[in-house]
Visitor: 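Sending over a structure as C-alpha cells; questions will come in a sec.
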Amino acid sequence: MTVPHDMYIDGCWVESSGRARIEVVDPATEEVVDSVPHATAEDLDAALDAARRGWTVWRETDAWARSAVLRKTAGLLRERAETLAQVLTEEQGKPLPEARAEAAAAADQFDWYADETRRIYGRVVEGRSSTQRLIVIRQPIGPVAAFSPWNFPALLSARKIAPALAAGCSIVIKPAEEAPRTAMLVVQACAEAGLPPGAVNLVTGDPEQISTHLIGSDIIRKVSITGSVPVGRKIMHLCVGGIKPVTMELGGHSPVLVFADTDIEASAETCARAKFRNNGQVCIAASRYFVHESVVEAFTRRFVEITKSLRVGNGREEGVDIGPLSNRRRLDAAESLVADAVDKGAVVAAGGRRPPELSRGFFYEPTVLCEVDDSMKVMHDEPFCPLAPITSFRNMEDAVAKANATPYGLAAYVFTRETRTAFLASEALEAGMIGVNNLVLAAPELPFGGIKMSGFGREGGSEGVESYSVTKVLNMLL
Ligand code: NAD
C-alpha cells in the first residue's frame, strides 16, 4: 500500500497544476519528510466541479448502499491502522500508542455514521382536513467545504467526512499543512471502499486562498471548521456573503474543579496523565486546575510527581509518553506563556523549559505552574501546549465564578464523590461538555462542541448528521 502525498480530485490523485509543493516536517527532528501539492485556483475549481457532480451521484445512492461504503471505510482504516499511525507520528509528533488509538477512533467515526445514515428520519404531521398530508423530510444540504486541524488529523478529518457522506453530501476537505498525509490516508480508505468520483475531494495549499476560494463558490452549501478562534472568525466572515451555515469547533480553556471530598491522589494522577496527552494540544484539554484550598497541596504534590515521571522524546521510540509539539508556533507559545507567568510571580513546580538533552525538535517539558493568578496570560490564552496551572478555591460559588471567567466554553471537569456537588457544578459551568471524575469526553455517539467563543453546532451523535442536512416540508392536498 502506498502512502498518498497528492490531492484527491474527482476520483484521482493529482499534483498541483502549478507543480508547486509544500514541505511536510517531522516535528521531532525538524527534517523535511515529504511534500504535498500547493493547489492553484484551477485545481480548486476542479475540486469544486467534482464535488458538484459527485453530489448528484451520491445523494441518489440509497442509505443502505451509503452505509456499506462507510462500513467498508471503517474496516480499511482498521486494517491500515499501523501505517496510518506511523505517518501520523512522523508528521504530527504524538507517541505511536496515541497515534494507534487515534486510527481506531477515526474508524469508529465511519462505523457510527454507517449506522446513522440509515436513521435519517422525517415525520408525518396530522393534516387539517381528510385530504391534506403534511410530511417533513430531511435531505442532504449539498457540497461541503471542510477544514480540519493538525492535532488529531485522522480523527477530526473522519469526524467531518463521515457525517457529510452519511447525510448524502459530497465534500472538499482541506487538512492542516502540518499533517496532510494522515488525512489523505483517510480519504484513500473512503475511495477504495467504493465512493463515486467527486464524493470526497482533498486539496492542500495556502489555507487562506483555499478557504476564500471554496467558501466563495456557489457550489459550496455548508462549511465546517475545527481550529482556532481567529481562523474561525475569518471563516465566519467568508460565510456571510453566501449566507452559508457553518459548524465551528474552536478552541477552549477548560477548567477542572477538584472538590475536597474526592480521592485526591487518584484525581491528581488522572488529571496529570490526561493533561499531557498529545502534549496538551487538545481542544478539550484541561488547562486551569481549581482545587479546594484544603487539598490543593496534596493534589499538586501528586500531580507534580506524575508529571516528572513522564518521558519526553521522539514519539516513535518505545516508552515515550510525550512527543514534540507539532509546530514551532506551539513551542514559542509555551515559552512565552511560561515567561509571562514567571515574570508575574508564578512558581514552576515541574518542567518550564525545553529538555536540555534534546537539541532538535519542538520539544518542551511537561510543566506545572503554581502561585498563578488572573493577571497571567496562561489563565486566559488557550495554551494548546503542556502547561498545567494549579490554583485553589474556597467554595462552589468561588470555583464556578473562576472557572467561567473566560470567553471560551468548550469543556469543563468536576472531581467529586458527592452527587449533589456533581450536578450543581455541572449545571453551573459554562461549557458544551462536562466530565465528572473523568477527562475523556469524545465519542462518536455523543455530540461534541462548545458554547461562547468555542463555537457552535455539534459533531457526533445524531446531531452530527443533522448539520449536513436540511429540512423540507411537503404540504399536499390530495
Ligand atoms: P492558527 O490560528 O495559526 O491556525 C493554523 C491552522 O489553521 C492551520 O492548520 C491552517 O491550515 C489553518 N488556517 C489558518 N488560516 C486559515 C484560513 N484563512 N482558512 C482556513 N484555514 C486556515 O493556530 P495554531 O498555532 O496552528 O494552533 C493553535 C490554536 O489553534 C489553538 O489555540 C487552538 O485554539 C486551535 N486549534 C484548535 C483545534 C481544535 O480541536 N478545536 C485544533 C487545532 C488547533
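Just so it is clear, the values below take in all heavy atoms, side chains as well, and ignore hydrogens, waters and symmetry mates. Residues: numbered from 1 along the sequence shown. Note that the coordinates shown come from a computational prediction; the quantities given were computed from them, not determined experimentally. Order of appearance sets the numbers: ligands from 1, and atoms from 1 within every ligand.
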Visitor: For atom 30 (O) of ligand 1, state which one of G205, P149, S228 supplies the nearest heavy atom.
Guide: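 The residue whose heavy atom sits nearest atom 30 (O) of ligand 1 is S228.
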Visitor: Tell me whether R329 has any N or O atom under 3.5 angstrom from an N or O of ligand 1.
Guide: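 Between R329 and ligand 1, an N or O pair is found under 3.5 Å apart.
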Visitor: Among E177, M248, E382, which residue places a heavy atom closest to atom 8 (C) of ligand 1?
Guide: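 The residue whose heavy atom sits nearest atom 8 (C) of ligand 1 is E177.
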Visitor: With a 6.0 Å cut-off on the ring centroids, do F384 and W150 count as close?
Guide: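 Yes, the ring centres sit under 6.0 Å apart.
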Visitor: With a 4.0 Å cut-off on heavy atoms, is Q281 touching ligand 1?
Guide: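 The answer is no: ligand 1 sits nowhere under 4.0 Å from a heavy atom of Q281.
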Visitor: Aromatic rings Y8 and W13: how do their planes relate, parallel, tilted or perpendicular, breaks at 30° and 60°?
Guide: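 Y8 and W13: tilted rings.
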Visitor: Where is the nearest protein heavy atom to atom 17 (C) of ligand 1: which residue, which atom, and how far?
Guide: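 Of every protein heavy atom, S211 OG, 3.6 Å lies nearest to atom 17 (C) of ligand 1.
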Visitor: Under 3.5 Å, side chain of Q281 to main-chain N/O of N278, donor-acceptor pair present?
Guide: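 Side chain of Q281 to backbone of N278, a donor-acceptor pair under 3.5 Å: yes, one is there.
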Visitor: Any side-chain donor-acceptor pair under 3.5 Å between T247 and S224?
Guide: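 Absent: no donor and acceptor within the cut-off.
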Visitor: Check each of G227, G252, A145, A442 against atom 37 (C) of ligand 1 and report the one with the nearest heavy atom.
Guide: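 Ranked by closest heavy atom to atom 37 (C) of ligand 1, first place is G227.
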Visitor: Donor-acceptor pair, E382 side chain versus G251 backbone, under 3.5 Å?
Guide: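 Looks like no, no N/O pair under 3.5 Å.
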Visitor: Would V231 count as being in polar contact with ligand 1, using the rule that some N or O on each side must be under 3.5 angstrom apart?
Guide: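 There is no such contact.
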